[in-house]
Amino acid sequence: MKKMLSASCGTLLDDIEDIVSQEDSKPQDRHFARKHVVPKVRRRHTPKYLQDENSPPSDSTIPGIQKIWIRTWGCSHNNSDGEYMAGQLAAFGYKITENASEADLWLLNSCTVKNPAEDHFRNSIKKAQEENKKIVLAGCVPQAQPRQDYLKGLSVIGVQQIDRVVEVVEETIKGHSVRLLGQKKDNGKRLGGARLDLPKIRKNPLIEIISINTGCLNACTYCKTKHARGNLASYPIDELVDRAKQSFQEGVCEIWLTSEDTGAYGRDIGTDLPTLLWKLVDVIPEGAMLRLGMTNPPYILEHLEEMAKILNHPRVYAFLHIPVQSASDTVLMEMKREYCVADFKRVADFLKEKVPGITIATDIICGFPGETDQDFQETVKLVEEYKFPSLFINQFYPRPGTPAAKMDQVPAQVKKQRTKDLSQVFHSYNPYDHKIGERQQVLVTEESFDSKFYVAHNQFYEQVLVPKNPIFMGKMVEVDIYESGKHFMKGRPVSDAKVCTPSISKPLAKGEVSGLTEEFRNRLGNHLSSVSHSSAATQRDSASSRMVLQLQRLHQDCALKMSVGLALFALLFAFFVKIYN
């Protein structure tokens with residue numbers, strides 16, 4: 001047998017077995033002693049991929065169970081869009097919450113009319129990001145300027161795509177960014193927007209806001225809303241009447257008609273505003289009321305006779321919002337308003353004569369580019385002459401992308417001073433002092449901001465505060481006016497007067513979804529079924545994937561253990577061969 005040199009001591013060893021001393025047990029002794037060994041049982045460490053086989057994968061998200069907070073800025077049209085989006089989301093299982101901090105997703109519905117509104121919108125986005133909320137953006141800001149830096153990477157739903165809000169929210173919750181900004185068309189013709197029979201959650205269950213058209217026919221140089229809402233697109237009369245009927249069946253006692261310009265209604269579909277209004281008046285129940293929205297002077301001029309008749313109807317508020325913006329023809333020309341001050345006065349004077357007591361509300365912009373002191377003084381004189389009971393005074397803000405933003409601007413300090421001066425003129429008169437002592441019929445629809453009174457409106461849509469008696473809510477009440485302020489009157493219910501209940505159904509509860517038609521329920525069922533099948537399929541696929549992965553890893557473990565075992569067996573076999581040789 002070949003000699004080996006020991007590396008440790010330099011001595012010669014006959015072979016490897018010489019390392020074993022005489023006192024050491026021989027392999028065969030150890031082999032026969034194994035039967036007396038009691039093995040120690042150790043807890044096996046189950047690999048992570050074998051644990052919780054029945055739990056869903058960590059990256060799975062099931063839409064339809066999250067909490068959503070909705071914030072809306074701007075006009076009544078925007079508020080209506082917000083109500084529609086809330087209704088659809090609630091119908092599909094999402095919980096609409098008023099607590100922003102507990103929400104999983106924030107739906108921010110923006111307004112682009114003025115800089116402050118967009119600033120609030122931008123700040124809300126930043127706050128949502130800081131709180132790691134999912135975000136969906138809606139309204140006029142992203143529709144008009146979708147490529148702004150602070151909108152990058154966020155989901156956006158356009159003003160005409162609100163009927164697809166559920167899809168956008170679902171994808172956003174899954175971690176995707178979705179943008180739907182297209183226009184709705186039928187055979188190439190632009191439509192008014194999403195369907196009117198969609199579910200909605202009314203902010204006030206007693207008030208239904210109906211958008212009769214979207215967009216307008218003007219091209220005002222200061223307006224950013226035109227970039228978002230586009231050209232005029234009107235809803236058919238029958239759809240609007242059906243929506244009004246449905247609202248009354250759900251307990252609504254007051255309807256607001258809204259749009260960017262109600263006076264232009266129907267010009268794109270071969271009809272007009274008076275035709276629509278007479279159709280709506282026919283379906284208004286006794287004790288319920290209709291309020292008209294904003295109309296620009298050019299499009300109401302040709303309908304003055306009919307409008308006066310409609311505004312005298314007992315179920316229509318004698319109220320009209322007609323923005324003048326400036327009493328200077330030079331400024332109006334720069335604004336491209338398409339009317340002169342004389343046109344506005346003609347409308348106002350005619351309606352004041354034919355509709356005694358009518359409330360005419362108006363808007364004024366202070367500090368439009370090029371406005372001189374003389375231009376401004378003409379506006380001041382108009383306010384002093386008409387003593388508008390409702391006046392919206394706005395300091396001019398140049399909106400990006402508008403022609404007015406490129407004009408020579410009035411200094412900021414001058415704009416602020418003119419706004420302040422006009423506000424002082426407005427607050428110099430009290431429009432309701434002469435009404436103290438009158439007996440009026442008022443419709444109660446909401447609670448005051450300080451929660452001390454109920455808010456009602458008389459025939460002229462003037463605000464009347466009444467005592468908080470739950471019996472009054474949603475009812476016509478007769479009151480005696482005993483006090484007045486700049487923006488309100490206070491009324492004391494007549495002791496022997498009857499409380500008139502509108503001939504409508506019981507109102508929906510606050511937060512309850514309206515408009516769940518049979519067709520929508522079927523669509524909802526199909527959607528939830530597909531989501532359920534998709535979710536089940538996803539879970540099956542995930543389970544199958546996990547099973548395949550587990551088997552692969554088990555095979556790998558078995559193969560490794562077998563390899564080690566074979567290697568050990570080969571060593572032992574060689575060892576025994578040498579021993580017995």
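What you see is a predicted model, and the numbers here were worked out from it, not measured in a lab.
Between the side chain of Thr359 and the backbone N or O of Phe460, at least one donor-acceptor pair lies under 3.5 Å. Between the side chain of Thr262 and the main chain of Thr258, no donor-acceptor pair closer than 3.5 Å is present. At distances below 3.5 Å, at least one donor-acceptor pair connects side-chain atoms of Ser423 with backbone N or O atoms of Thr419. A donor-acceptor pair is defined here as one N or O able to donate and one able to accept, closer than 3.5 Å; no such pair exists between the side chain of Thr97 and the backbone of Trp69. Judged by distance alone, with hydrogens and angles left aside, the side-chain atoms of Asn109 form a donor-acceptor pair with the main-chain N or O of Gly139 at under 3.5 Å. Counting only distance, with no hydrogens or angles, the side chain of Trp106 and the backbone of Ala100 share a donor-acceptor pair below 3.5 Å. Looking only at distances, a side-chain donor or acceptor of Gln161 sits under 3.5 Å from a matching main-chain atom of Gly182. Between the Ser234 side chain and the Ile269 main chain, no donor and acceptor come within less than 3.5 Å of each other. Looking at Asn213, its side chain never comes within 3.5 Å of a backbone N or O of Ser259 through a donor-acceptor pair. Side-chain atoms of Asn430 never come within 3.5 Å of backbone atoms of Tyr432 as a donor-acceptor pair (strictly under, hydrogens ignored).
Looking at heavy atoms from C-beta onward, Tyr461 lies in side-chain contact with Glu254 at the 4.5 angstrom threshold. Contact check for Asp349 versus Tyr386: side-chain heavy atoms found under the 4.5 Å cut-off. Under the 4.5 Å side-chain criterion, counting only non-hydrogen atoms from C-beta, Leu280 is in contact with Val241. The side-chain heavy atoms of Pro323 and Asn296, taken from C-beta on, include a pair separated by under 4.5 Å. Put simply, the side chain of Thr362 does not reach to within 4.5 Å of the side chain of Val383, judged on heavy atoms. A 4.5 Å side-chain heavy-atom check between Ile157 and Leu137 finds every atom pair outside the cut-off. Between Leu276 and Tyr235, every side-chain heavy-atom pair lies at or beyond the 4.5 Å cut-off. Contact of the Met307 side chain with the Lys354 side chain is not registered, since no non-hydrogen atoms from C-beta on lie closer than 4.5 Å.
Taken to the nearest 0.5 Å, the CD atom of Glu438 stands 10.5 Å off from the CG atom of Asp480. From Ser76, atom OG reaches atom CD1 of Ile209 across 5.5 Å, with rounding to the nearest 0.5 Å. One finds the OG1 atom of Thr214 at 8.5 Å from the CD atom of Gln183 (value rounded to the nearest 0.5 Å). Distance OG/Ser448 to OH/Tyr454: 10.0 Å, rounded to 0.5 Å. Once rounded to the nearest 0.5 Å, the distance linking CD of Gln459 with CD1 of Ile358 reads 10.5 Å. Between the CD1 atom in Ile364 and the CG atom in Leu391 there is a gap of 5.0 Å [rounded to 0.5 Å].
Comment: Glu447 engages Lys468 in a salt bridge, judged by a side-chain N to carboxylate O separation of less than 4.0 angstrom. Remark: Asp81 engages Arg229 in a salt bridge, criterion side-chain N to carboxylate O under 4.0 Å. With salt bridges taken as basic N to acidic carboxylate O contacts below 4.0 Å, one links Arg202 and Glu250. A salt bridge does not link Lys381 to Glu378: none of the charged nitrogens lies less than 4.0 Å from a carboxylate oxygen.
With ring centers used as reference points, Phe392 lies under 6.0 Å from His321.
For the pair Lys486 and Tyr429, the cation-pi test (distance below 6.0 Å, angle within 45°) is passed.
Taking each heavy atom of Cys111 and Asn78 in turn, the nearest pair found is N-ND2, 4.2 Å. The two residues Gly491 and Pro467 have their closest heavy-atom pair at O-CD, 3.6 Å. In plain terms, the two heavy atoms of Phe248 and Ile284 that are nearest each other are CE1-CA, 3.9 Å. Contact detail for Ala138 and Met85: the closest heavy-atom pair is CB-CE, 3.9 Å. Nearest heavy-atom pair across Gly515 and Gln246 is CA-NE2, 2.9 Å. His487 and Gln463 get closest at one heavy-atom pair: O-CB, 3.7 Å.
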Worksheet item: Could you go step by step and tell me if Leu217 and Asn231 meet the side-chain contact (heavy atoms from CB on, under 4.5 Å) rule?
Response: CA-CA 6 Å; Leu217 295 173; Asn231 292 321; 5.8 Å; no
Practice prompt. Please step through side-chain hydrogen bond (donor to acceptor under 3.5 Å, both in side chains) for the pair Tyr299 and Asn218, ending with a clear verdict.
Written response: CA-CA 11 Å; Tyr299 306 112; Asn218 293 347; 2.8 Å; yes
Fill in: Evaluation steps, salt bridge (charged side-chain N to carboxylate O under 4.0 Å, His left out), between Lys226 and Glu260
CA-CA 9 Å; Lys226 175 79 171 188; Glu260 284 65 56; over 6 Å; no
Practice prompt. Please test Lys114 against Asn394 for side-chain hydrogen bond (donor to acceptor under 3.5 Å, both in side chains), starting from the C-alpha separation and ending with a verdict.
Written response: CA-CA 9 Å; Lys114 294 186 288 188; Asn394 302 292; 3.0 Å; yes
Item to complete: Kindly indicate, with the supporting measurements, whether the criterion salt bridge (charged side-chain N to carboxylate O under 4.0 Å, His left out) is fulfilled by Arg267 and Glu302.
Response: CA-CA 12 Å; Arg267 286 173 173 257; Glu302 62 189 79; 2.5 Å; yes
Practice prompt. Determine, stepwise, if the pair Tyr84 / Arg195 fulfils side-chain hydrogen bond (donor to acceptor under 3.5 Å, both in side chains).
Written response: CA-CA 10 Å; Tyr84 273 122; Arg195 292 169 49 174; over 6 Å; no
Worksheet item: Could you go step by step and tell me if Leu89 and Leu107 meet the side-chain contact (heavy atoms from CB on, under 4.5 Å) rule?
Response: CA-CA 11 Å; Leu89 291 167; Leu107 199 168; 3.8 Å; yes
Item to complete: Might you work through the side-chain hydrogen bond (donor to acceptor under 3.5 Å, both in side chains) test for Ser484 and Asp433, ending with a clear yes or no?
Response: CA-CA 6 Å; Ser484 71; Asp433 284 354; 2.7 Å; yes
Discussion item. Run Val464 and Met489 through side-chain contact (heavy atoms from CB on, under 4.5 Å) and show every step you take.
Written reply: CA-CA 5 Å; Val464 180; Met489 291 172 275; 4.1 Å; yes
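Within a 6.0 Å radius of NZ in Lys279, other residues, nucleotides and ligands contribute 12 heavy atoms or fewer.
Asn204 and Glu446 are not linked by any side-chain donor-acceptor pair at a separation below 3.5 angstrom, with hydrogens and angles left out of the test.
The side-chain hydrogen bond (donor to acceptor under 3.5 Å, both in side chains) test with Thr112 singles out one residue from Lys224, Arg399, Gln143, and that residue is Arg399.
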